[in-house]
Amino acid sequence: MSDVDDLKFIGLGGCNEVGRSCHILEYKNKVIMLDAGVHPGLSGLNSLPFYDEYDLSKVDVLLISHFHLDHAASLPYVMQHTNFKGRVFMTHATKAIYRWLLTDFVRVTSLSNASDAVMGGSSSNLYTDEDLIKSFDRIETIDFHSTIELEGIRFTAYHAGHVLGACMYLIEVGGLKILFTGDYSREENRHLPVAEIPSIKPDVLITESTFGTATHEPRMEKETRLTKLIHNTLTKGGRVLMPVFALGTAQELLLILEDYWKRNPDLQKFDIYFASSLARKCLAVYQTYTNIMNDSIKLQTSKNDSVRNPFNFRYIKTLKSLDRFHDFGPSVVIASPGMLQSGISRNLLEKWAPDPKNMVLMTGYSVEGTMAKDLLISPPTIPSINNPDMTIPRRLGIEEISFAAHVDFLQNSEFIHEINPTKIILVHGDSIPMGRLKSALLSKYSNRRGTDQEMKVYNPRNGDQLSIPINGLKVAKVLGLLAEDQISQLKSEIEEELEDKIVEVKKEDDMELEPEIKTEESTTDGEIKTEPETESEIKDEEEKQTFTSEKPLTGVIVSKDFDLNVLQLQDLHEFTQLSTSIVKSKIDLIINANLSMVEWHLEQMFGYINIVHDDESHWICLIMDMISITVDRTKSHNSSLFVMVEWINDNLMADSLADSVIAILYSIDSSPASVRISTKSHDHHVKQESDETLIVIDKPGHTNTNIEERIYRISSLLKAQFGDSFSAKGNEAKIEFGKNQASINYENLTVECNSRVLKDRIENIIKRGCNLAAPLNQVSK
């Protein structure tokens, strides 16, 4: 059974922009929140996603893709200063780095807040260290390739290749599969594996569009150009500044420079500094989590030898601040923050900007509204961070070599092709690159337009709410004894089909040994047919026959978190831990009538009653296998019967049928028919007539329970269907239809036939015939 539901997507941040990523998914009354970042180009409350636009108390689970500030820095604010009540998940490495990174973020914003207070500005603090600690304790972790299920929401973490610990989430809700990539990379670098392609294909893909339709320079060419620029600058007496995030691209650049210094002894007299307040802590985390890096790193650390750990650098020094930095000659400084908004990287930029021998290498993605973005247009001056009214001449060189671990167009397009979703939501990209990517994808898949596989691409803005129709298919699993019955039945059908095929092959082999004889028949249009048309149709249907049973599947449907299971009642406790009880109703009646009168009235109503027991003490009958009527002869008298009516209250039909039976029994002694029938002695199979009254005692039409009469009626239906191909004798009948033959046993209503299709037709006719002969009777074989 299929139905249509809407997946709702609400963009609270990171839509048609890079920064403050936060997205809401609503489906089947479940709410998932993806990331909770800040905008690096803004400060204070202005940097937050638009949390006021959504009731965060509805969120069931919040998934953080990685530790970068634009994806995780507003998490403590959400957990401590909103009505958010859900659970939060991230990978182990992300949580380890998250604490140190946000501790530094709180310190930097506090310093900025103090500066603003001196200048008469407003506070830019979003939360305190105490808020961070309290939120940290509530964060839960997930391993890569592990699956967590929470009240109908199932999600699995896969490597994203962006930074250490970054993951993609494959989310499943009510049969709908959604893949959220976060920031991801499909290019293997010196320490991280590439983003994985999940084995389960998603229906909806939420992917970044940072670089739009741009393509990256080949990795080896980038490394060569980077090291050549650094080498030339140092040998000319200049200094090199590389602004980076403290974690991510920074560690990749450190590995590149360590290897280059090792291979070039002439450079070993120049120092390389990793300047960040988190420098040592960052390196300690990377030294710890080598087990989730690529195979090259794993191989180097396979013997647990700290000396072999690639993050134990020989040529790189760490700097927590500039207090101990002696700027006496050429050097390379890899410094945070990457957007040059403040901190060590901004101070060094202002100090080195006037000297043309120096150089700044931009290696990451630069967000609009930041100093890093402004610097790319090579301005003649830059503003001083400590005194905005003062400008500093900019004469140092500026080069951009992107090592940002984001997919380019080719990588994104190939990934989408492998995933093959029908619905794509683009996020994390400025409006122009995102629009170009959307156009390119629609053009690439234009041949699918108007088909079931048509690709829909959405590029919502912040605050937009998308409603995406989802055609779902409800599938139920069959469990326990019911599953065993189905497997056994399927096995029997397969064996029967194989036997039929073996017989056909043997017949074909025999035919090859005998002279071929064909009976040809001319048709009005000149065609020659060798078999009757109806037999050909049967053969075609046999070839298309699948191993499915027409027997209805009956059981209990158990629904839990959108999973449907069908099982027998006795298996309910084993598979669901639910307890069951059966309510059986019983009523005792005193009927002023004899037993034959009871039988007659019940047969008049139901056509047939199944007498299962009849002796000197008890008479028991079943009505439609649901209502049991017992006459206790030991408690009955000549003028009255002691009757017990019993039934199980498992469905409305049983209750309704029981009401009918009791009403009939109560009305027997006052029924006009009973009075007229009982006025004279009679034989139930004799029609009685008098001048005063005409009473028909024999059972009319469909209420006749005579077995011979029923067989006659079923035979008449078969005769009408198959004509001269049908013949009957006694309790058996035969149908010969071309090569196909069928035998029918009227005693147990079974059919034996070498054609599955013909057998099904005969059984359906017999079933209808039984219903016509006794409409309210369930015929037992």
Side-chain angles (χ1 to χ4, degrees), residues 1-15 21-36 49-65 75 78-79 82-90 138-140 142 146-157 168-182 198 200-206 421-425 427 456 458 460 462-477 556-567 575-578:
M1 182 174 66
S2 63
D3 58 2
V4 177
D5 290 293
D6 283 349
L7 166 68
K8 291 184 179 179
F9 174 93
I10 301 102
L12 300 183
C15 294
S21 290
C22 183
H23 321 298
I24 300 289
L25 300 176
E26 290 184 2
Y27 188 66
K28 300 280 190 180
N29 295 319
K30 299 295 181 181
V31 181
I32 302 103
M33 185 171 170
L34 305 172
D35 284 344
F50 297 94
Y51 291 135
D52 292 341
E53 300 292 325
Y54 192 80
D55 181 6
L56 297 183
S57 66
K58 300 194 304 183
V59 176
D60 296 299
V61 61
L62 168 53
L63 305 177
I64 300 295
S65 62
L75 178 57
V78 170
M79 299 176 74
T82 72
N83 57 359
F84 174 83
K85 301 173 184 176
R87 296 170 66 177
V88 180
F89 288 87
M90 59 179 66
R138 290 173 53 193
I139 296 172
E140 302 174 66
I142 181 173
S146 67
T147 300
I148 293 178
E149 185 168 353
L150 298 174
E151 299 180 353
I153 302 172
R154 185 184 295 117
F155 53 94
T156 307
M168 303 185 292
Y169 289 103
L170 180 66
I171 305 162
E172 298 178 64
V173 180
L176 176 66
K177 300 176 183 64
I178 304 166
L179 180 64
F180 172 56
T181 67
I200 299 175
K201 302 302 181 184
D203 307 297
V204 179
L205 174 66
I206 304 174
T422 55
K423 298 168 180 64
I424 300 174
I425 302 174
V427 297
K456 300 283 187 179
Y458 306 89
N462 288 335
D464 286 355
Q465 177 175 304
L466 297 177
S467 291
I468 304 174
I470 301 296
N471 292 315
L473 184 66
K474 293 183 178 178
V475 179
K477 294 180 182 178
V556 179
I557 296 181
V558 180
S559 175
K560 181 184 179 184
D561 299 335
F562 312 114
D563 289 333
L564 298 177
N565 297 317
V566 183
L567 60 160
F575 287 93
T576 66
Q577 304 305 310
L578 295 174

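Values below: every heavy atom of this structure, side chains too, minus hydrogens, waters and symmetry copies. Since the model is a prediction, treat every value here as computed from it, not as a measurement.
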Is there side-chain contact between [X] and [Y], with heavy atoms separated by less than 4.5 Å?
X      : Y      : answer
Pro421 : Asp203 : no
Ser65  : Phe180 : yes
Leu170 : Pro202 : yes
Lys30  : Leu25  : no
Leu75  : Ile64  : yes
Cys15  : Phe9   : yes
Ile139 : Met90  : yes
Val204 : Ile425 : yes

Checklist entry - Is it true that Asp5 and Lys28 have a side-chain N and a carboxylate O under 4.0 angstrom from each other? => result yes
Quick one: closest heavy-atom pair of [X] and [Y], and the distance?
X      : Y      : value
Arg87  : Leu150 : NH1-CD2, 3.0 Å
Ser467 : Lys8   : OG-CG, 4.1 Å
Gly86  : Arg138 : O-NH2, 3.8 Å
Ala36  : Val78  : CB-CG2, 4.3 Å
Lys423 : Pro469 : CE-O, 3.3 Å
Ile178 : Ile206 : CG2-CD1, 3.9 Å

Hey, could you give me the [atom1]/[atom2] distance between [X] and [Y], rounded to the nearest 0.5 Å?
X      : Y      : atom1 : atom2 : result
Phe155 : Leu63  : CZ    : CG    : 5.0 Å
Arg154 : Lys177 : CZ    : NZ    : 9.0 Å
Glu172 : Thr147 : CD    : OG1   : 7.5 Å
Thr82  : Leu56  : OG1   : CG    : 4.5 Å

Checklist entry - Which of these, Val61, Asp60, Leu62, sits in a side chain to side chain contact (heavy atoms under 4.5 Å, CB included) with Met33? => result Leu62
Next on the checklist: For Ile171, run the side chain to side chain contact (heavy atoms under 4.5 Å, CB included) check against Leu176, Thr156, Leu34 and tell me which one passes.
Outcome noted: Leu34
Item to check | side chain to side chain contact (heavy atoms under 4.5 Å, CB included) between Tyr51 and Asn83, intermediate numbers included | outcome: CA-CA 10 Å; Tyr51 291 135; Asn83 57 359; over 6 Å; no
Item to check | Heavy-atom neighbours of Lys201 NZ exceed 12 at 6.0 Å | outcome: yes
Item to check | Residue pair Lys456, Ile468: steps toward the side chain to side chain contact (heavy atoms under 4.5 Å, CB included) verdict | outcome: CA-CA 10 Å; Lys456 300 283 187 179; Ile468 304 174; over 6 Å; no
Item to check | side chain to side chain contact (heavy atoms under 4.5 Å, CB included) evaluation trace for Val427 with His23 | outcome: CA-CA 9 Å; Val427 297; His23 321 298; 3.7 Å; yes
Checklist entry - Which is it for Asn462 and Leu12 under the side chain to side chain contact (heavy atoms under 4.5 Å, CB included) test, yes or no, and what are the steps along the way? => result CA-CA 5 Å; Asn462 288 335; Leu12 300 183; over 6 Å; no
Next on the checklist: Checking side-chain polar atoms at under 3.5 Å, does Glu26 have a donor or acceptor matched by the opposite partner on Tyr54?
Outcome noted: yes
Next on the checklist: Centroid separation under 6.0 Å, is that true for the rings of Phe89 and Tyr169?
Outcome noted: no
